[in-house]
Amino acid sequence: MERIAVIDFETTGISPSSSCRATEIAVVILERGQIVDRYQSLMNAGVRVPGFIEQLTGISNAMLRSAPPAERVMNEVNEFVGTTPLLAHNAAFDQKFWDFELGLIRRTRLQKFACSLLLARRLMPAAPNHKLGTLTSFAQLPHTGKAHRAMADAEMAANLTTHLAQELRRTHGLRELSHELLCGLQKVPAAKINDHLKKHRGF
DNA sequence: TGCCAGGCCCTCTTTAGGGCCTT
């Protein structure tokens with residue numbers, strides 16, 4: 001599988017449109033099913049972390065006071081990712097924050113996001129639910145650290161993506177899995193997924 | 001004032017409603 005940047009944000013809430021900001025970002029670079037590079041940083045956007053978010057993530061206001069400014073972190077991580085195609089678990093969420101935080105440093109995203117949640121709904125229909133932790137357990141993948149910390153979640157999403165790619169190779173004979181193919185696959189209705197994959201057999 | 005995400009996906013559907021998933 002080609003090079004993919006798997007990202008995960010921790011934030012103060014559910015959406016930038018509700019004045020929420022990012023508090024931590026992690027990126028792992030996936031190449032041929034292996035994690036070959038990593039970036040992780042807390043980021044201080046000058047906003048307070050609500051109590052229940054602090055409980056959820058373990059990221060406190062005290063931790064963010066000594067964290068680098070969000071603008072510096074976004075410049076660094078944008079440089080780190082470059083034009084590598086992106087993937088996240090429930091990409092709609094991370095894409096909103098990626099685009100918003102990049103916008104604050106006057107940058108624009110150039111690449112597409114693939115979504116391991118949409119892929120897992122199609123390729124792991126028997127899972128009890130499609131939360132990242134549940135899918136990790138269901139597929140017997142390693143738990144990578146404290147859930148709801150950016151690096152642990154980015155690594156879990158990367159492992160899940162590798163697992164999905166292996167399953168596609170095993171069950172549908174797909175050889176080379178591109179980010180473009182994953183982006184196409186996540187839009188195909190679940191009932192038509194097998195027909196769609198037959199067209200790509202041997203790729 | 002009062003509200004506060006939003007796209008996906010299923011079904012008791014399509015002139016809609018509600019659960020899932022992310023923090």
Side-chain angles (χ1 to χ4, degrees), chain A residues 4-28 40-64 67 70 73-74 77 86-104 109 112-139 141 143-161 163-164 182-196:
Chain A
I4 292 177
V6 182
I7 80 164
D8 187 80
F9 274 110
E10 302 307 319
T11 71
T12 61
I14 215 70
S15 175
S17 64
S18 305
S19 303
C20 301
R21 293 291 303 273
T23 56
E24 187 179 44
I25 185 167
V27 182
V28 299
Q40 180 273 327
S41 181
L42 290 169
M43 48 203 281
N44 184 353
V47 292
R48 275 197 70 76
V49 181
F52 78 99
I53 296 283
E54 186 172 334
Q55 287 289 316
L56 179 72
T57 65
I59 297 171
S60 65
N61 288 296
M63 288 163 71
L64 292 184
V73 173
M74 287 308 298
V77 72
L86 291 159
L87 179 144
H89 195 71
N90 196 13
F93 174 85
D94 291 278
Q95 183 180 316
K96 273 189 301 190
F97 280 96
W98 180 261
D99 290 350
F100 180 79
E101 296 289 346
L102 270 193
L104 294 178
R109 173 170 54 91
K112 285 186 189 173
F113 264 90
C115 178
S116 56
L117 168 64
L118 295 182
L119 290 166
R121 278 182 178 157
R122 286 159 175 76
L123 301 173
M124 298 172 72
N129 62 55
H130 296 89
K131 294 178 185 176
L132 185 56
T134 304
L135 292 168
T136 293
S137 299
F138 186 73
L141 300 171
H143 283 269
T144 49
K146 186 188 179 306
H148 298 298
R149 285 303 298 265
M151 181 53 78
D153 285 0
E155 288 186 352
M156 274 197 283
N159 291 337
L160 175 63
T161 302
H163 171 77
L164 293 172
L182 297 180
C183 285
L185 206 51
Q186 71 192 31
K187 294 179 187 165
V188 177
K192 295 184 177 173
I193 202 84
N194 283 329
D195 289 343
H196 182 84

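So that the names make sense, note that chain A is the first sequence line, chain B the second, and so on, each numbered from 1.
Atom-to-atom, CH2 of W98(A) to C1' of dT22(B) comes out at 17 Å; the value is rounded to the nearest Å. We find that CD of Q95(A) is positioned 16 Å from C1' of dT23(B), with the value rounded to whole Å. When rounded to the nearest whole Å, the span between CG of L132(A) and C1' of dC21(B) equals 11 Å. For the pair F100(A) CZ and dT23(B) P, the interatomic distance rounds to 18 Å; values are reported in whole Å. Nucleotide dG6(B) holds its P atom 11 Å from the CZ atom of F97(A), rounded to whole Å. Separating the NE2 atom of H148(A) from the C1' atom of dC21(B) is a distance of 11 Å, rounded to the nearest angstrom. Atoms NZ (K131(A)) and P (dT23(B)) sit 11 Å apart, rounded to a whole Å. Between the P atom of dG6(B) and the CZ atom of F113(A) lies a distance of 17 Å, rounded to the nearest Å.
Checking each of L135(A), L182(A), L87(A), L123(A) against S116(A) for a side-chain contact (heavy atoms from CB on, under 4.5 Å) leaves exactly one that passes, namely L87(A).
Taking atom C1' in both dA16(B) and dG2(B), one finds a spacing of 24 Å when rounded to whole Å. Annotation: dG18(B) and dT14(B) have their P atoms spaced 13 Å apart (nearest Å). Comparing dG6(B) with dT1(B), their C1' atoms are spaced 24 Å from each other, to the whole Å. Nucleotides dT23(B) and dA5(B) are separated by 11 Å at their C1' atoms, to the nearest Å. Distance check on atom C1': dT13(B) versus dC9(B) gives 12 Å, rounded to whole Å.
In this structure F138(A) satisfies the ring-ring contact (aromatic ring centres under 6.0 Å, His included) test with no other residue, sequence neighbours excluded. Every residue was checked against the side chain to side chain donor-acceptor pair (under 3.5 Å) condition with R122(A), not counting sequence neighbours, and none meets it.
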Under-3.5 Å N/O pairs linking protein and nucleotides 1-5 of chain B:
from, atom 1, to, atom 2, distance (Å)
dA5(B), O3', S17(A), OG, 3.3
dA5(B), N3, K96(A), NZ, 3.4

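The main-chain N or O of F9(A) is found under 3.5 Å from a side-chain atom of D94(A) such that the two form a donor-acceptor pair.
Distances shorter than 4.0 Å separate some side-chain N or O of H130(A) from OP1 or OP2 on dC21(B).
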Letter per nucleotide, 5' to 3', of nucleotides 7-14 of chain B [B base touched, S only sugar-phosphate touched, - untouched; heavy atoms, 4.0 Å]: -SS-----

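The environment of NZ in K112(A) is sparse: at most 12 heavy-atom neighbours from other residues, nucleotides or ligands sit within 6.0 Å. Within 6.0 Å of NZ in K96(A) there are more than 12 heavy atoms belonging to other residues, nucleotides or ligands.
The list of side chain to side chain donor-acceptor pair (under 3.5 Å) pairs with a residue in residues 51-60 of chain A, not counting sequence neighbours, is empty. Within the structure, salt bridge (charged side-chain N to carboxylate O under 4.0 Å, His left out) pairs that include any residue of residues 10-28 of chain A comprise R21(A)-E101(A), E24(A)-R149(A) (at least two apart or interchain).
When heavy atoms are screened at a 4.0 angstrom cut-off, N129(A) is found touching the sugar-phosphate backbone but no base atom. If you check every strand for non-hydrogen atoms under 4.0 Å, T57(A) touches sugar and phosphate atoms only.
Between the side chains of T136(A) and H163(A), no donor N or O sits under 3.5 Å from an acceptor N or O.
The shortest side-chain heavy-atom distance between L185(A) and H196(A) falls under the 4.5 Å cut-off.
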